[in-house]
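To start, the structure under review is shown below, and the notes come after it.
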Amino acid sequence: MAQRKLAALENQSLRRALAETERKSVGRARRDRQELISFCCNDYLGLSQHPDVKRAAAQAIEELGVGAGASRLVTGNHPLYRDLENQLARLKGTEAALVFGSGYLANLGIPPVLAGKNDLIIADDLSHASMRAGIQASTAESRFFAHNDVEDCRTILENERNRFDHCLIMTEGVFSMDGDRAPLVELCDLADAHDAWIMTDDAHGLGVLGGGRGSAVEAGVADRIPLQMGTLSKAVGAYGGFICASRAVIDLLVNRARSLIYATGLPPSAVASSCAALDIISSNEALVGLPLARASQFTRELNLPGPESSIVPIIVGDAETALSASKQLAQEGFLVTAIRPPTVPDKTARLRFTFAATHSEDDVFRLTAAVKKIGLLP
Ligand SMILES: Cc1ncc(COP(=O)(O)O)c(C=O)c1O
């Protein structure tokens, strides 16, 4: 049975495999004995390799060991969590914050607690798989609006909001595969008008937009989004997920979020390195501005529309073309993974370029030359 399913994936160019990849220095990767400049990593600020961040992790291991040993509600709530949650709440301007084992676990655990029977969840159709997992785990009814289509969201609210007790609108601050931003001001207006909660997943905004504080700050609505979720695994360079919200919401999640309660706490090293990385993010505006500057250089040189984030996709359509383009770029010395369905909708397979502070202008210049050479753009 497994063989048959794998063969079907292979036939559609949709079979995936884990490719061994070393990331020893920032912005570079080694795969198949080849040294490549990586343009497909979410370590937007290179903090996974920053000496202060690595030192914080090493010190935490020395002092507290390598694992948390239990769920945070048993004995896994080591003292570093307090510092990290205070730091996150300060950065996002909320009363409190709660750290989960990963961004996926946060998104899986939060919606079922905040929306249940007689409630409605309305989410962007391109919401990340982890948000969909959380929506599926909730007993609330769910609807999806066309990507970034405020009018579609409004229509759902006007037609259906009255039938439900509570309503939760969910979107990404920056969409992970498209790099565009959600219309946060308009969605906040809708949430206000229809007595709905709004939750953003800002996995790709933190450390890049709003002076590093994320897409809500960039859009000027930080105080209007009561549920701000994010991850410590991308620009922060470490591992873990979180939500910033009111103290009451955080306390309720501690009591009810199954992916927090029934999972082991993060290793102390992940928490300590996140603290050190957030210190850098909140104090180094020049560094934080670099990913978008590099993405802008890329789009300018290729005459593409300006970027809204550090992510720029080039959509090629079918999976086979995307795989072949990725291979050709590897031959030119660049690592850019092909993104295929079901991660993206059918017929929108793409190369997803991500730009980081660790790329030089010359790296980007050479990448654009390679993109032109392989004829990726019409
Ligand atoms: C938008 C979005 N949300 C959530 C996640 C999950 O975060 P993590 O990798 O920390 O589990 C990701 C990463 O894949 C993401 O892109």
Side-chain angles (χ1 to χ4, degrees), residues 16 18 21 23 38 40-45 47-48 84-85 88 92 97-111 121 123-137 144 147-148 169-182 184 187 198-209 214-216 218 225 227-244 257-260 263-267 269-271 273-274 277-278 281 291 308-313 337 339-345 350 352-356:
R16 302 173 189 218
L18 299 169
T21 311
R23 291 178 55 244
S38 172
C40 58
C41 186
N42 302 318
D43 186 9
Y44 298 121
L45 302 173
L47 294 181
S48 74
L84 178 56
E85 288 172 347
L88 285 165
K92 295 284 184 181
L98 182 66
V99 171
F100 286 72
S102 70
Y104 194 104
L105 286 173
N107 276 337
L108 179 64
I110 295 163
I121 298 178
D124 189 288
D125 200 30
L126 290 190
S127 294
H128 190 261
S130 56
M131 298 165 79
R132 283 187 175 259
I135 293 167
Q136 272 167 8
F144 290 87
H147 175 52
N148 275 351
I169 299 173
M170 293 175 69
T171 187
E172 290 179 37
V174 170
F175 282 82
S176 60
M177 295 299 134
D178 292 79
D180 55 346
R181 299 180 203 163
L184 292 180
L187 290 176
I198 180 161
M199 171 172 164
T200 51
D201 172 338
D202 205 28
H204 299 273
L206 178 65
V208 175
L209 299 178
S215 56
E218 181 84 32
I225 300 182
L227 306 162
Q228 299 189 43
M229 176 270 167
T231 168
L232 304 166
S233 329
K234 303 194 193 296
V236 179
Y239 198 70
F242 66 88
I243 182 153
C244 294
R258 298 174 68 85
S259 60
L260 177 93
T264 299
L266 280 169
S269 54
V271 179
S273 47
S274 295
L278 287 170
I281 289 174
E308 295 183 34
S309 70
S310 50
I311 303 164
V312 179
T337 308
I339 308 288
R340 295 167 285 164
T343 304
V344 290
R350 65 197 66 188
R352 170 183 178 267
F353 297 85
T354 56
F355 295 87

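Treat the numbers as computed from the prediction; the structure is a model and nothing was measured. Whatever order the structure lists ligands and atoms in, that order sets their numbers, starting from 1.
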Looking only at heavy atoms, the pair that brings Leu88 and Cys244 closest together is O-SG, 3.6 Å
Any sub-3.5 Å donor-acceptor pair from Ser102's side-chain atoms to Leu105's backbone N or O? yes
Output yes when a side-chain donor or acceptor of Thr354 lies under 3.5 Å from a complementary backbone atom of Val312, and no otherwise. no
Mind checking what residues have non-hydrogen atoms under 4.0 angstrom from ligand 1? Ser102, Gly103, Tyr104, Asn107, His128, Ser130, Glu172, Ser176, Asp201, Ala203, His204, Thr231, Ser233, Lys234, Gly240
From the options Arg350, His147, Arg352, select the one residue that forms a side chain to side chain donor-acceptor pair (under 3.5 Å) with Asp178. Arg350
If the condition is ring pair (Phe, Tyr, Trp, His ring centres under 6.0 Å), which residues does Phe242 pass it with, not counting sequence neighbours? none
Salt-bridge contact Arg132-Asp125 (side-chain N to carboxylate O under 4.0 Å): yes
